[in-house]
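Note on naming: letters A, B, ... go to the chains in the order of the sequence lines (proteins, then strands), and numbering restarts at 1 for each one.
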Number of protein chains: 2
Amino acid sequence: MSLKKRFLYLFFMLPSLVSAEDGSQLWLRYVPVEEHIAKQRQISLANNHESALLAKQELNRYWRGTSISMHLDKKAKALKEGYQIKSDVSGIRLTAAEPIGLLYGAFHLLRLQGAKVNMQNLNIEEIPDYDIRILNHWDNLDRTVERGYAGYSLWRWDELPNTLSPRYEQYARANASIGINATVLNNVNASPQILTSNYIQKVKALADIFRKYGIKVYLSANFSSPKVLDGLSDSDPSRKEVQDWWKTKVKEIYQHIPDFGGFLVKANSEGQPGPQDHGRTHADGANMLADALKPYGGIVMWRAFVYNPSEQDRAKQAYQEFVPLDGQFRDNVIIQIKNGPIDFQPREPFTPLFGAMKHTAQMIEFQITQEYLGFSNHLAYLAPLFKETLDSDTYARGKGSTVACITDGSIFSAKRTAISAVANIGEDTNWTGHHFAQANWYAFGRLAWNHQLSSEEIADEWISQTFTDNRDFAKPIRQMMMDSREAVVDYMMPLGLHHIFAFGHHYGPEPWGDVEGGRPDWMPWYYHNADTVGVGFDRTTTGSNAVSQYNEPLRSTFNSIETCPENLLLWFHHVPWTHRMKNGHSLWEELCFHYDRGVQEVRQFQKTWDKLEQYVDEQRFSEIQSKLKVQAKDAVWWKDACLLYFQTFSKTPIPYELERPIHELEELKKIKLDMKHHN
Amino acid sequence: MSLKKRFLYLFFMLPSLVSAEDGSQLWLRYVPVEEHIAKQRQISLANNHESALLAKQELNRYWRGTSISMHLDKKAKALKEGYQIKSDVSGIRLTAAEPIGLLYGAFHLLRLQGAKVNMQNLNIEEIPDYDIRILNHWDNLDRTVERGYAGYSLWRWDELPNTLSPRYEQYARANASIGINATVLNNVNASPQILTSNYIQKVKALADIFRKYGIKVYLSANFSSPKVLDGLSDSDPSRKEVQDWWKTKVKEIYQHIPDFGGFLVKANSEGQPGPQDHGRTHADGANMLADALKPYGGIVMWRAFVYNPSEQDRAKQAYQEFVPLDGQFRDNVIIQIKNGPIDFQPREPFTPLFGAMKHTAQMIEFQITQEYLGFSNHLAYLAPLFKETLDSDTYARGKGSTVACITDGSIFSAKRTAISAVANIGEDTNWTGHHFAQANWYAFGRLAWNHQLSSEEIADEWISQTFTDNRDFAKPIRQMMMDSREAVVDYMMPLGLHHIFAFGHHYGPEPWGDVEGGRPDWMPWYYHNADTVGVGFDRTTTGSNAVSQYNEPLRSTFNSIETCPENLLLWFHHVPWTHRMKNGHSLWEELCFHYDRGVQEVRQFQKTWDKLEQYVDEQRFSEIQSKLKVQAKDAVWWKDACLLYFQTFSKTPIPYELERPIHELEELKKIKLDMKHHN
């Protein structure tokens, strides 16, 4: 270890002894316990499993309370990876069925300590809602990160397996602290190279570090790997040669990584190869991989994010393609479905595929990285977005069939349940670019463990650990976080508008966007359909009929302009500019008010933040202040771009009580950002 | 005349027959009278002077009222260039002592008609307050315009004298319509070339056009002309050879332009040559030229805008240099003094030289072009600024000795009185870049005629002629105009701050500005003196003692931080950040509130304007709308730049109720605008 690396290592291990607050410690800013306090209590452990030893180590370093005894109870299988915490006069007893449960329990205790909870009569039982709680890294082998806004990839492929960055272990510890137990290391737009023997050695090096933190490694697999890597004539899943190739490859992987998790596959989607190239179905492709993985306990996460430039509404296509395959997938295949039917927009209804495949395991895919929510420049706390989908009732088995219940195994029993999200992590010092974007990593982990937690509870936890639990700070900051995602919706795409982003980078507005000869379903006009009559995508029974993919009563509710929730109005309806909204505004006026409110909200965030300067270290204060400035400018950019553009159709003034545009539409149209490296 | 030019000519002559409203007609948007109405009344005139014939022509074309008889009464000398208008049942009688008075009277009648005044019992007598009402063009011979923001110079020197743009006559008519009777064609930073025989022919061509509109031509003279043009060993005014050169040159000019007005001279100022180069005084230099001009009735306007990088406060230097010369100037010399002691800032106190030379004629120099008020991008109605200086009491002869009375001859009798302003006119279609900047040209003319007019009256006149007299439009627009200059002060330099502009172009903010080895008196820090204690220029008796140049009670009023008007506080005092203002705010808070108010005001202007769209033609509406957007953005730029910079000294938060900055100070410091062509 070089001197510099040793220094960095020490730096991380002794967080409280240095005053720097650069965000590198995330929410793990525990203060080492003083020696005289440590002497007064005992942390006892009766086994030597490396995860359990890590638990002991964390408590030894940071626990200031009474003595703790840790126990493994292999019979308590119902706990899964969870734990029990009980306390009485004699001290605290932490019990788990798995060693990793003790580490999760230790972090739970440290959270309680941070929140100054009374430890007298604890009686806690925590069982994770999902078996697999997994991050999807869209990291390329050249260390660019698709839709990544926090620097290059954490994985230094060129140095691996010989040189090991200290950040690998820091990453694993951070994930363990919030219960994340799995990671897909590479981009779903996968390079076949990841499956070469050379790269398997590199992956093994990471897996060896992650293992004691309870984290299994998965890989995105390119469906054409047999042909590309070893010159097979094709990668047709029905051919034995191809099947054998995968079996051999999987065997090789498990030789080096015995707890390898499995494959994530993006097939026949946005140009990726897949079984349909050979006349086979998604099920044929997924099952071939599943068969290869089965002997080792591995699984396939097969993505349902598929669409083609056809006559069909893009929002309908995943459902149309996958529902007919229901029941045809092996039991170690899980269909990975994005939360909304289009693509991680600021607001979408849930994907109707949830609950529509009653004999197929399903998992959700969220996006933590803010591809469509201002990158790492905009403060947008995403727990409310995650919750909105999880709590959405699909009515697949009557009332109460929420997306959460569909995917957590409580309605349709599943061999394994899973929940995933695209990571927002890179090698930036603070991991996520925006300090507040750490909260979204945190929130995903916490919700993957317990989807009943409220967004407010998660925010409170995160704030107190990441900054301070001083209520004068925490309360307004929680409010800011809670308001933030809706602010983004307001200044970007209110009332159900979607996908009017600039082509390619998805950062700025481009409702006028059009590329000659480009795919219609990649063009903003495809989604907003603005004309002199109105705006919005008619997905009613007289339009694309996407509403029919939803169960009643949603189908009828969405289908009627009168009952459709107004925050999804333009998702399901092409609405006249003069349409009366429930508050009496015309649609045009309401659109204007939403855009304006978005701007005003961000300005309010600035005020909130500036006012709390005294509670925050200088570096993080000013870095966040700068990000908020960018967001405030961008919000006005969005507002002006969208209102000035839509006004060319509505032909109606922006209500005069609202702040006026400061941009010229024609000037905004000329803005071209060079952001290809994020794609 | 080319077909295109003929078309343009027709276009201007028939304003009402075309619907285009591009601002080219200025406030002269009279509607030609219908033939049947014209037949019912008579416009009679008993002489054939060309100015009088123009008066008749205007009335014939546009007068809809009763018959008018025009009379020249050579004995009514007291009227000067003014007129009387009387009406009774038999019609209207317009009388003037000079032919040009009839033209002025005709335009007066057309103004009354536009304002729908009852013409039954008119009894009007108008006598101009100043004899010479003169525009100073800072136009270079290459057609760039120093501090010009409305395109290239109107004067097409390369085409003159053979080709005559129709705009020359349009220019003369517009000036005549508001009583301007003189123009300096070329920049005070004068090229000697203007005095060559070749250029005199060109100037003559313009003078021949302007003459019938009552406009005399003047030229800026370069003091080194004898040496530069004809190789004299120097231009020492005490040498006969030099004196003779000027006599010969003046004679040549008058041979071609018998009513030539005289010279404007910037000498020994900002690098221009002058008598001091030869050990002579300003009086020596001015008198030499005056002697040459005297036989022909010409005058010298000698600028007092002089300062050097010395120990002395720049604000004091004009006074120090000129007061000792009082009484030494010929009676055909007028000292031309800028309204404020520094340089056309958004707000300055009046220059204390006014009234301090009791035996020397003085005239004021305003700046219509907005060198320091946002160029032609910002709406800033300057009548309130002009009035603020004119109405300032100098106490030179006790209470009531206003700058207006000092310069109009009512306190110190003067052979000739004059008032000047730097023009904002260029070859832009609308003449002045910003449509609202036309109002400043208009206002200067009207105040030069009658400095008792209120800013509101002038605004009303201008609005009704330029747009419409509909009260629903005129009232809010007048309010916007009346508020506009103070808004600029607020977002640029409130509370007496001054000259913190970006070096060179004077458009954007640069309070941090510093140029290594540059003149201190060209650096913003010279003027704001910000430090950890406070901000402002100490010109009190314990500071630079500039206050001593003012008469009592001003000297004492300005000298005390308690009595100094707050809008000039930082002009006269270095004030602690914690100083309590009259409203209870600290100085820092008050500064923040002013900057913020400036921004809010411009946003209000945008609302005002947008709301009135129905009253304005499309082209002017959208052009003004665009300018207001720029102004709104610039106001925020100014606010953020100044507050973030001064905050590095005040170390105090911007009051949290105010909108937060959206810029980074370090980013703002990097902005370099390429605007050299305006210098």
Side-chain angles (χ1 to χ4, degrees), chain A residues 377-379 472 476 480 491 592 596 599-616 618 621-637 639-641 643-644 647-648 651-668, chain B residues 377-379 472 476 480 491 592 596 599-616 618 621-637 639-641 643-644 647-648 651-668:
Chain A
N377 282 337
H378 293 199
L379 193 163
D472 294 338
M480 176 173 79
Y491 64 70
C592 294
D596 187 76
V599 169
Q600 302 308 331
E601 289 239 44
V602 179
R603 291 194 184 144
Q604 186 54 50
F605 300 162
Q606 288 188 286
K607 288 185 183 178
T608 298
W609 186 249
D610 280 5
K611 205 182 271 186
L612 299 171
E613 181 169 5
Q614 60 178 301
Y615 299 101
V616 192
E618 197 179 321
F621 175 78
S622 70
E623 286 172 357
I624 291 164
Q625 186 184 51
S626 292
K627 294 280 190 185
L628 286 170
K629 289 178 180 179
V630 173
Q631 189 172 5
K633 272 185 286 197
D634 286 350
V636 175
W637 175 24
K639 171 176 85 92
D640 285 1
L643 290 184
L644 290 172
Q647 194 178 27
T648 65
K651 311 273 187 204
T652 309
I654 296 165
Y656 294 116
E657 59 265 51
L658 299 183
E659 198 174 300
R660 315 316 291 168
I662 58 170
H663 297 99
E664 300 289 343
L665 181 57
E666 294 310 313
E667 293 303 311
L668 293 174
Chain B
N377 282 337
H378 294 200
L379 193 163
D472 294 339
M480 174 173 81
Y491 64 70
C592 294
D596 187 77
V599 169
Q600 303 307 331
E601 289 238 44
V602 179
R603 291 193 184 144
Q604 188 53 50
F605 300 162
Q606 288 189 285
K607 288 184 183 176
T608 298
W609 186 248
D610 280 5
K611 205 182 271 188
L612 299 171
E613 182 169 4
Q614 59 179 302
Y615 299 100
V616 192
E618 198 178 320
F621 175 79
S622 71
E623 287 172 357
I624 290 164
Q625 186 184 52
S626 291
K627 295 278 189 185
L628 286 170
K629 289 177 180 180
V630 173
Q631 189 172 4
K633 272 186 285 197
D634 286 350
V636 175
W637 175 25
K639 171 176 86 92
D640 285 3
L643 290 184
L644 290 172
Q647 194 178 28
T648 65
K651 311 272 187 204
T652 309
I654 296 165
Y656 294 116
E657 59 265 52
L658 299 183
E659 197 174 301
R660 316 315 291 168
I662 57 169
H663 297 99
E664 299 291 342
L665 181 57
E666 294 310 312
E667 292 303 311
L668 293 175

- Does the B:Lys627 side chain pair with the main chain of B:Leu379, one donor and one acceptor, at a distance under 3.5 Å? no
- Item | Side-chain (B:Gln631) to main-chain (B:Val602) donor-acceptor, under 3.5 angstrom | no
- Message: For B:Glu664, give me all partners under side-chain contact (heavy atoms from CB on, under 4.5 Å), at least two apart in sequence or on another chain.
- Response: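 A:Ser626, A:Lys629, B:Glu667.
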- With sequence neighbours left out, write down each residue that passes side-chain contact (heavy atoms from CB on, under 4.5 Å) with A:Gln614, or none if nothing qualifies. none
- 4.5 Å side-chain heavy-atom contact, B:Glu623 and B:Val616: no
Side chain from CB out, backbone as N, CA, C, O: work out which of these in [X] comes under 4.5 Å of a heavy atom of chain B, or both, or neither.
X: A:Glu657; value: backbone
X: A:Ile654; value: neither
X: A:Pro653; value: neither

- Task: Please determine, by modelled atom types, if B:Tyr491 and B:Glu601 share a side-chain donor-acceptor pair under 3.5 angstrom.
- Result: no
- Residues forming a side-chain hydrogen bond (donor to acceptor under 3.5 Å, both in side chains) with B:Asp640, sequence neighbours excluded: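 Per chain and number, B:Asp640 pairs via side-chain hydrogen bond (donor to acceptor under 3.5 Å, both in side chains) with B:His663.
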- Message: Would A:Arg660 and B:Gln625 count as a side-chain contact (heavy atoms from CB on, under 4.5 Å) here? Give the steps.
- Response: CA-CA 10 Å; A:Arg660 315 316 291 168; B:Gln625 186 184 52; over 6 Å; no
- Query: What residues of residues 604-613 of chain A sit under 4.5 Å from chain B when only non-hydrogen atoms are counted?
  - Reply: A:Gln606, A:Lys607, A:Asp610, A:Lys611
- Query: Contact part of B:Leu658 toward chain A, heavy-atom cut-off under 4.5 Å: side chain, backbone, both or neither?
  - Reply: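 Backbone only.
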